[in-house]
Protein chains: 2
Amino acid sequence: MGGVKDFGMDVTSRNDTVMDLEGDLEPKMAAPRAIPARPTMKDVAARAGVSLKTVSRVVNHEVGVSPELVTKVESAAAELDYRPDLTASNLRRSDRRTSTIGLMIEDVSNEFSSAVHAGVEDVARLHQVAVLGASVHEDPQRESDLVRALSSRRVDGLVLTPTAGDHAYLERERANGLPMVFVDRLPHGIDADCVLTDNAEGTRLAIEHLIALGHQRIAFMGGLSILDTATQRHQSFIDTMRQHHLPINPAWVVRNIKGTDEAEKVASGFFAESNQPTAIFAAQNMITMGVVRALKLAELQHHVALIGFDDFALADLLDPPVAVVAQDPRRMGQIAAELLFERIRDGKISEELHIVPSRLVIRQSGEIRPV
Amino acid sequence: MGGVKDFGMDVTSRNDTVMDLEGDLEPKMAAPRAIPARPTMKDVAARAGVSLKTVSRVVNHEVGVSPELVTKVESAAAELDYRPDLTASNLRRSDRRTSTIGLMIEDVSNEFSSAVHAGVEDVARLHQVAVLGASVHEDPQRESDLVRALSSRRVDGLVLTPTAGDHAYLERERANGLPMVFVDRLPHGIDADCVLTDNAEGTRLAIEHLIALGHQRIAFMGGLSILDTATQRHQSFIDTMRQHHLPINPAWVVRNIKGTDEAEKVASGFFAESNQPTAIFAAQNMITMGVVRALKLAELQHHVALIGFDDFALADLLDPPVAVVAQDPRRMGQIAAELLFERIRDGKISEELHIVPSRLVIRQSGEIRPV
DNA sequence: GGAAGTCCTGACAACGTTGTCAAGGTATGT
DNA sequence: ACATACCTTGACAACGTTGTCAGGACTTCC
């Protein structure tokens, strides 16, 4: 249990301030400024010569206040620069909404995540709701800490990309009235609303495109298989190859690749052998970039076909431009947020699954024919 | 004036719910679930058989509670899945801190902005503070709406990238106790702490590098000159050229370029003339990308030198790799956040200016010599 | 002219928590 | 045994706001 933050130090320093001002004759300037008191409704009421409640009514645009008082209150509020205090308001209001939602994504600075963020923000803005964003960095501990922190801040709901761990613990949060929608990955241990890319279909499109060009020796490079996005893409690769009766060379099916550098090494490994794949399917962003590097190094970028999963900025400016299965992360964020607001509104708990289609973006690297 | 959100609809629908349950005999399932009541300290106190205040003490790790009661309270809290309510806590606490700060950046999904976001988050996490992030999209109206919204949510402070407009209005917010730090751009109409890239120095480095290679015909392509980052880069370009007694061709100094497409057009315009620049300095991210496109189209990418301001992912994978003046946006976010927490702690208002150095990242496009 | 209704306004409690203070218990010193 | 100090605990007010309700001024109707 325990508080979210230890305020001990702050409190002490504040007491010190008070002592300074009362106890001795140091000039006020030397002591840290007291925290300025923000004007409250009470202040506005006093200045406008009305009751507290009337100010509340004006601020909330309730009907039935005489125009005269409305202007009086409004100008008093403007003069004082009064801002309603949402934290107090939420405490009292019957619906207890904070007009704030939490967003937990892999990393705010990663291209995919921040597109999701943008999508969530699009929708949140329409609802006049603020977004508390946080990066999980694939750390289950951090994930649950963040859920705690956001829950303590009484967010109205949560959009999150689950880490690999177990998510049964979220069941209790949800039971306590915290709606949540998952994005990009299916959570484990809880049935909940979820917005996913069509990983299987996207992969199938890419592989069949390569097959249509005549490729038979296709390598698969995948990410961490604890993530089911990675697993789905891998499975779809296997299925598609089998459906087309193509051999799968186990040496060319590498999973659990982490990061650009590792991907580069793996791809370079392929090219060092006499028996080389004629096409590579890179099942994730970072992996694609690693492969691009390796191809360039081996000067094979115009000889080995490459299709990546997930689009990235400038993919079309590389030499050759890199073909990808494009997801629509912004759309995913929008859908997730819309779904969340629906749940917040009707208070229902449900387990809807939204699949956002992925599409093959044809660029030159995907048009290279086998030698 | 006015409330931040109109809760009218919600209130109505809630009344409806109550009516349903009381008024007729419909099964409960059909009506929207009532909002589940989250356990409060009172519930925990009742279950543990202690007073409210004792629970408060345990939750906040105050000393002087008997170990026996501590365990009793802790297990009661765990059984109920109690979460302290920060909004109520903040309302009562003497320091009135929400442990939340606001971050207003250009666009959460833009590479530079989200790196700043990541930097702010790095520091915020150390302080156990949550970040309310929002995109301003270069809209002054939106900016001030957001400030209002964040101020109403009683954030402890603000990190923001100011738009082009006037920021005198923020003076009043600050006077009402809202500390703020600006990033990337100097605000107008208010003296405040600010974290900036060394635009002049970075530009000088780039231009002098080109000059050292023998370039004399250097074009400048800049962004919106209402932004002073753009103005500073432009001014530094002019100064550096003058210092080296090089002619400035007005036709090659284009400012106010907006977006990739426009940049591409401008650059293509250069190449259509018989008299061409031998080097281009692109003073902003998007512009650089547009130039890359234009160069490729004109097949001049190996003949005209290019240096851009601000690094971007994959710049080193392009053909040729693109030289840039690299800023350090993540570091900027970190510094801004550190500065903000300092101000929050000591309550001081000041006008410190932090210049984060930029550095020239030499890549092939910047090594092309004039013909 | 009085009863009934409408409109506008304000007093007061309450939201969930923490700060303050006092009460009761135990330990210590004489 | 008594006074003193300390330690632990709880009662109560308060933070800034909104929900509830009641009261006063006016209007309307018989």
Side-chain angles (χ1 to χ4, degrees), chain A residues 3-8 10-12 14-15 18 35 37-46 48-70 72-73 77 80 82-98 152-154, chain B residues 3-8 10-12 14-15 18 35 37-46 48-70 72-73 77 80 82-98 152-154:
Chain A
V4 169
K5 204 193 156 186
D6 178 11
F7 283 97
D10 292 332
V11 170
T12 308
R14 206 159 179 255
N15 286 345
V18 173
I35 296 167
R38 275 170 48 139
T40 70
M41 275 196 178
K42 212 163 136 190
D43 301 321
V44 178
V50 300
S51 81
L52 205 54
K53 182 66 210 189
T54 298
V55 177
S56 169
R57 278 192 262 260
V58 173
V59 166
N60 290 293
H61 297 125
E62 278 174 41
V63 292
V65 181
S66 70
E68 192 191 0
L69 286 195
V70 170
K72 244 200 234 171
V73 169
L80 293 174
Y82 169 74
R83 296 278 175 280
D85 186 330
L86 264 195
T87 68
S89 162
N90 292 319
L91 184 58
R92 188 57 181 89
R93 286 194 125 104
S94 45
D95 61 0
R96 298 281 347 238
R97 297 273 163 79
T98 52
S152 262
R153 283 183 179 75
R154 305 238 26 168
Chain B
V4 168
K5 206 191 153 185
D6 179 11
F7 285 97
D10 292 331
V11 170
T12 308
R14 213 171 170 242
N15 286 345
V18 173
I35 296 167
R38 274 170 48 137
T40 71
M41 275 196 178
K42 211 165 138 188
D43 302 322
V44 177
V50 299
S51 81
L52 203 54
K53 182 66 207 190
T54 297
V55 177
S56 169
R57 278 193 261 261
V58 173
V59 166
N60 290 293
H61 297 124
E62 278 175 41
V63 291
V65 181
S66 70
E68 193 192 359
L69 286 195
V70 170
K72 243 199 236 170
V73 169
L80 293 174
Y82 169 74
R83 296 276 174 282
D85 185 331
L86 264 196
T87 69
S89 162
N90 293 319
L91 185 58
R92 186 60 180 90
R93 285 195 126 104
S94 46
D95 61 0
R96 299 279 347 238
R97 297 275 161 77
T98 53
S152 263
R153 283 179 179 77
R154 303 239 27 167

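A, B, ... follow the sequence lines: proteins, then strands. Residue 1 opens every chain.
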Provide a list of protein-nucleic acid N or O atom pairs under 3.5 angstrom, restricted to nucleotides 5-7 of chain D.
none

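Of the side-chain N and O atoms in Arg93(B), one or more sit less than 4.0 angstrom from OP1 or OP2 of dT18(C). An OP1 or OP2 oxygen of dC15(C) is reached within less than 4.0 angstrom by no side-chain nitrogen or oxygen of Asn90(A). Between dT9(D) and Thr54(B), no contact under 4.0 Å exists linking OP1 or OP2 to a side-chain N or O. Note on Ser51(B): a side-chain N or O is less than 4.0 Å away from OP1 or OP2 of dG10(D). Contact annotation: Ser56(A) side-chain N/O to dT18(D) OP1/OP2 distance is under 4.0 Å.
Taking only side-chain atoms of Ser66(A), from C-beta outward, the nucleotide of dG10(D), dT9(C), dT17(D) with the closest atom is dT9(C). Nearest nucleotide to the Ser89(B) side chain, out of dT18(D), dT17(C), dG16(C): dT17(C). Comparing atom distances between the Leu52(B) side chain and each of dA11(C), dG16(D), dT18(C) picks out dT18(C) as nearest. Nearest to the side-chain atoms of Leu91(B) among the listed nucleotides dC15(D), dT20(C), dG19(D) stands dC15(D).
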Practice task
Could you check Leu86(B) against Thr98(B) for side-chain contact (heavy atoms from CB on, under 4.5 Å), going step by step and ending with a plain yes or no?
Solution key: CA-CA 7 Å; Leu86(B) 264 196; Thr98(B) 53; over 6 Å; no

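For Asp85(B) and Arg92(B), the salt-bridge test fails: no basic side-chain N is under 4.0 Å from an acidic carboxylate O.
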